[in-house]
Amino acid sequence: MKNAYFAGGCFWCVTPIFKIQNGVEAVVSGFSGGDEKEASYADVKAQRTGHRETVKIVYDEDVISYEKLLDIFLANVDVEDGEGQFIDRGRSYTLAVYYNDGVERAAAEKKIEELKKTGEVEVAVEPFKFFIEAPEEHQDYYLKNPEAFERELEESGRRSRMMSGFKEKLAVVTSALDEADKYYHAASVLSFDLETICPSGAMERQGECAAFLSTEGYKKVKTDEFIAAAEYIYEHRGDAEDPLDAALAEALHRDYLKTKNITPEMSHEFALVFNKSYLDWLAAKEKSDYSLFEPSLGKVRDTVLKDVSLRDGALPDPYDEMLSDYERGMTSADLDEAFGLCKERLLPLLERIKASGKTIRRDFMSRHVTDEAQGKFAKSLLYTIGYDFARGAFTTTEHPFTSDLARDDVRVTTHYYPDAFASSMYSIVHEGGHALFGQLQPAAHHDHHVSNRMTMGMHESVSRFYENRIGRSREFVSLIYPEAKRTLGVLDDVTPEELYEAVNIVEPSLIRTEADEFTYTFHVIIRYEIEKMIVSGEAALSELPRIWREKYEKYLGVRPASDREGVLQDVHWSGGFGYFPTYALGNMYNSMYFNRMKNEFDVSAAVSSGDFAKINGWMAENVFKKANLLPAKEWIKDITGRDFTPVDFLDYLEEKYGELYAL
């Protein structure tokens, strides 16, 4: 730790400015600059000692630099006032930087010379002599006497100066974001069209147009003016009148730390690696030949390791830093504990299910259903769960997805398989869950540019809440059964209970996207364990197909016969690592908040009656409201009052499948 010393007028007012900065461990109020080794607050205030009111800042230079501390100091004082600061007058309240060595002196003098280009600067730069700590009642005064402190800020005029600076810079930021959003919206519309109805002959040109628009939007938030303004509002986020503006400042700062050391040339280099990796993955999967993808996978690993190594304030474990891109606040230690408990409780249960002897009828699940019939049923499912078609759209694509194009424009897609109607049935409920999250975000989050900042695990928790906790429940299946029977035309000899059992059958399989609710977690665990080995270098890339096969046999008792149905089945690793765990985390999160929900009202009754207004209203108020603002573990604790745990999810699986298989 290092110490920095600044005299900025009233030390009560200066302390909170630095206390909120990442990397600042302590801020101590005291006196410095005079020759007397002892001085009282009364003597300094009365100008009898030659000292100035000073703050000692204890900071971690690996997190925040001395130059950054100087910037924060100089931005929060009136550098043109050589007689004091605001209401406080006299030498005791004049400005000074006390340097510890030549490096600090040079840094301070450079900053001051830059400021002199635009006006007078009355800031002394003096060698540090000693520091006298003020009495305890003056330490953290703003916390001990908040009302008096606020009066001091208002009456002195300091608050007005602070607020005017924050508002000015915030206006620069929001104006740029407003413009960027228009470009991103237009690019998203083209991208959605590209993945749904764009003619094949127009795809290349349309892709170029979408990329152009995205780049133009990106430019709006990469100017020097924008970055400086964004960093200013982060450093002064305590001045925000609205907490959402402070949240925006923090989010932009996190983004900045991840990219500030990435040059345009590096960014281009990284993009080329990922683009080639995707193409190599496609070719390798088509030919079921992992060796065609292995070289690119190695380059992806090296690229993301380089990326995270260049980030300011990155987590010590590179994999944890990669995970934070998708699930802020969650670490591999959390996952190891959660997945360890899953294996401990679910593997024995899976063996009991296999040995149960229960036969579930499923012959009707492969009956032929036309695309038209499946489309009508899918649309009815979206209406059932409360999807707002006035602010969304529904169509088909090769790989189902949800696109949150812009405010009031959240679109969903699905894909029809003639002999597997349940695939579209549950993909549309899953995507509909994602869409509800987008549609029911607080309007104020859009106004303040903090929308769509929830983690992927949060998003998956909602989609899987609607798909599994609600969609595969006996109550939901009974609710939609009449419409399914009427529209699909293949369920005349099938009872609601038979349909319920069929959509919940447990059967270990090779393909993650086709896995049942029970075994799905193991598909995620396998990928998590392997990608950690990739990042750490524990596994040779050439050995991944063998490791994959062995883990599938170990956990699920099945063994892929080809690379296509093994290590090549997912596209994710062509773009990096850390995404897969969010799928399983989503199930764990929603099990926790489902248990709180059912304690507040009868969820089963609401589902049975189709009262999704009640369910969605609860979700909006409790699950969606703070998702854009909090890291994952804080968010789930805010909802449930409990620390993150997989236990609720495991209890749910044991109860549901114990009953289904009569264990």
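Since the structure is predicted, the reported quantities are computational estimates derived from the model, not experimental observations.
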Practice prompt. List the steps, then state whether side-chain contact (heavy atoms from CB on, under 4.5 Å) holds for L244 with L629.
Written response: CA-CA 8 Å; L244 292 180; L629 310 178; 3.8 Å; yes
Discussion item. Looking at S188, is its backbone amide N or carbonyl O close enough to the side chain of S191 to form a donor-acceptor pair, meaning the two atoms are under 3.5 Å apart?
Written reply: no
Worksheet entry | Heavy-atom side-chain proximity of L585 to L335 below 4.5 angstrom | yes
Discussion item. Looking at E208 and R205, is any side-chain nitrogen of the basic one under 4.0 Å from a carboxylate oxygen of the acidic one?
Written reply: yes
Worksheet item: Are there more than 12 heavy atoms of other residues, nucleotides or ligands under 6.0 Å from atom CG of D101?
Response: yes
Worksheet entry | Salt-bridge criterion met for K167 and E241 (N-O under 4.0 Å) | yes
Worksheet item: OH/Y319 to CG/L305 distance, rounded to the nearest 0.5 angstrom?
Response: 12.5 Å
Item to complete: Please say whether more than 12 non-hydrogen atoms of neighbouring residues, nucleotides or ligands are located less than 6.0 Å from NZ in K299.
Response: no
Worksheet item: Where is the tightest heavy-atom contact between V63 and G23, given as atom of each residue plus distance?
Response: CG1-CA, 3.5 Å
Worksheet entry | Considering all heavy atoms, the nearest K633-M330 contact | CG-CE, 3.8 Å
Discussion item. Check this for me: does any side-chain nitrogen of one of K260 and E231 sit under 4.0 Å from a carboxylate oxygen of the other?
Written reply: no
Practice prompt. Classify the side-chain pair D320/T331 by whether it contains a donor and acceptor separated by less than 3.5 Å.
Written response: no
Worksheet item: Do H434 and V412 have side chains that get closer than 4.5 Å, going by heavy atoms?
Response: no
Worksheet item: Heavy atoms, side chains only, cut-off 4.5 Å: are F73 and I17 in contact?
Response: no
Discussion item. If I compare all heavy atoms of G438 with all of D404, which pair ends up nearest, and what's the gap?
Written reply: CA-OD2, 3.4 Å
Worksheet item: With no hydrogens and no angle check, is any side-chain donor or acceptor of Q139 less than 3.5 Å from a backbone partner on A134?
Response: yes
Worksheet item: When you measure from the side chain of Y5 to the backbone N and O of F131, does any donor-acceptor pair fall under 3.5 Å?
Response: no
Item to complete: Would you check if there is a donor-acceptor pair between the side chains of H449 and D181 at a distance under 3.5 Å?
Response: yes
Fill in: Pair R52-E126, salt bridge (charged side-chain N to carboxylate O under 4.0 Å, His left out): steps then yes or no
CA-CA 12 Å; R52 297 182 178 95; E126 301 176 2; 3.4 Å; yes
Discussion item. Using a 6.0 Å cut-off, check whether atom CD of E67 has over 12 heavy atoms from anything other than its own residue.
Written reply: yes
Worksheet entry | Over all atoms of both residues, closest heavy-atom pair of V308 and A314 | O-CB, 3.6 Å
Fill in: T303 and F274, any side-chain heavy atoms less than 4.5 Å apart
yes
Worksheet item: Counting distance only, does the side-chain N/O of Q206 pair as donor-acceptor with the main-chain N or O of L190 below 3.5 Å?
Response: yes
Worksheet item: Are side-chain N/O atoms of Y589 and E460 paired as donor and acceptor at under 3.5 Å?
Response: no
Item to complete: For the pair Y234 and N22, evaluate side chain to side chain donor-acceptor pair (under 3.5 Å) and give the outcome as yes or no after the intermediate values.
Response: CA-CA 10 Å; Y234 172 73; N22 291 337; 2.7 Å; yes
Worksheet item: Donor-acceptor pair, Y387 side chain versus A393 backbone, under 3.5 Å?
Response: yes
Practice prompt. Answer yes or no: is there an ion pair linking D307 with R311, defined by an N-O contact shorter than 4.0 Å?
Written response: yes
Worksheet entry | Basic-acidic side-chain contact under 4.0 Å: R411, D193 | no
Worksheet item: Quick check: does any side chain N or O of S214 sit under 3.5 Å from a backbone N or O of A211, one acting as donor and the other as acceptor?
Response: no
Worksheet item: Is the count of non-hydrogen atoms from other residues, nucleotides or ligands lying under 6.0 Å from E109 atom CD greater than 12?
Response: yes
Worksheet entry | Distance-only polar pair, side chains of D81 and Y93, donor-acceptor under 3.5 Å | no
Item to complete: Could you tell me whether the side chain of V14 reaches within less than 4.5 Å of the side chain of F6, counting heavy atoms only?
Response: no
Worksheet entry | F580/Y528 under side-chain contact (heavy atoms from CB on, under 4.5 Å): CA gap, chis, key distance, verdict | CA-CA 6 Å; F580 281 119; Y528 166 69; 5.6 Å; no
Worksheet item: Do other residues, nucleotides or ligands put more than 12 heavy atoms under 6.0 Å from K625 NZ?
Response: no
Worksheet item: Is there a donor-acceptor pair under 3.5 Å between the side chain of Y184 and the backbone N or O of Y218?
Response: yes
Practice prompt. Can you see which heavy atom on E327 is nearest to which on A632, and at what distance?
Written response: OE2-CB, 3.5 Å
Item to complete: Examine distances only and state if a side-chain atom of S175 and a backbone atom of A171 form a donor-acceptor pair shorter than 3.5 Å.
Response: no
Worksheet item: Of the options Y593, W635, Y583, which is the one that meets S461 in a side chain to side chain donor-acceptor pair (under 3.5 Å)?
Response: Y593
Worksheet item: Aromatic ring centroids of Y326 and Y579 under 6.0 Å?
Response: yes
Worksheet item: Can we say D71 and K111 salt-bridge, meaning some charged N sits less than 4.0 Å from an Asp/Glu carboxylate O?
Response: yes
Discussion item. Measuring from atom CZ of R391 to atom CZ of R407, what distance do you get when rounded to the nearest 0.5 angstrom?
Written reply: 9.5 Å
Response to the item:
Heavy-atom closest pair (I262 atom, F270 atom, distance to 0.1 Å) is CD1-CE1, 4.0 Å
Worksheet item: Side chain of T54, backbone of A7: donor and acceptor closer than 3.5 Å?
Response: no
Worksheet item: Do the rings of H253 and Y256 sit parallel, tilted or perpendicular, given the 30° and 60° boundaries?
Response: tilted
Discussion item. Could you walk me through whether L436 and Q439 satisfy the side-chain contact (heavy atoms from CB on, under 4.5 Å) test, starting with their C-alpha distance in whole Å, then the side-chain angles of each, then the deciding distance to 0.1 Å, before giving a yes or no?
Written reply: CA-CA 5 Å; L436 288 172; Q439 290 186 335; 4.3 Å; yes
Worksheet item: If only atom types and distance count, is the side chain of R89 paired as donor or acceptor with the main-chain N or O of F86 below 3.5 Å?
Response: yes
Discussion item. Any carboxylate oxygen within less than 4.0 angstrom of a Lys/Arg side-chain nitrogen, looking at R527 and E531?
Written reply: no
Worksheet item: Under 4.0 Å between a Lys/Arg side-chain N and an Asp/Glu carboxylate O for D255 and R453?
Response: yes
Worksheet item: Is any side-chain heavy atom of S32 less than 4.5 Å from a side-chain heavy atom of F128?
Response: yes
Item to complete: For K110 and E113, run salt bridge (charged side-chain N to carboxylate O under 4.0 Å, His left out): C-alpha distance rounded to whole Å, both residues' side-chain angles, the deciding distance at 0.1 Å, then the answer.
Response: CA-CA 5 Å; K110 180 180 179 182; E113 286 304 311; over 6 Å; no
Discussion item. What I want to find out is whether D312 reaches K68 closely enough, with some N-O distance under 4.0 Å, to be called a salt bridge.
Written reply: no
Item to complete: Decide yes or no for T402 and F437: does some side-chain heavy atom of the first lie under 4.5 Å from some side-chain heavy atom of the second?
Response: no
Fill in: From CA spacing to verdict: side-chain contact (heavy atoms from CB on, under 4.5 Å), K19, V24
CA-CA 6 Å; K19 289 278 281 205; V24 172; 5.6 Å; no
Discussion item. Is the shortest side-chain heavy-atom distance between Q85 and L95 below 4.5 Å?
Written reply: yes
Discussion item. Working note: E179 + K182, criterion salt bridge (charged side-chain N to carboxylate O under 4.0 Å, His left out); need CA distance, chi angles, decisive distance, verdict.
Written reply: CA-CA 5 Å; E179 290 188 32; K182 291 180 174 65; over 6 Å; no
Worksheet item: Nearest 0.5 Å, what's the NZ-CD1 distance between K2 and I64?
Response: 13.0 Å
Worksheet item: Is the centre of the F11 ring less than 6.0 Å from the centre of the F31 ring?
Response: yes
Worksheet item: Can you find a side-chain donor-acceptor pair between E61 and Y66 that sits under 3.5 Å?
Response: no
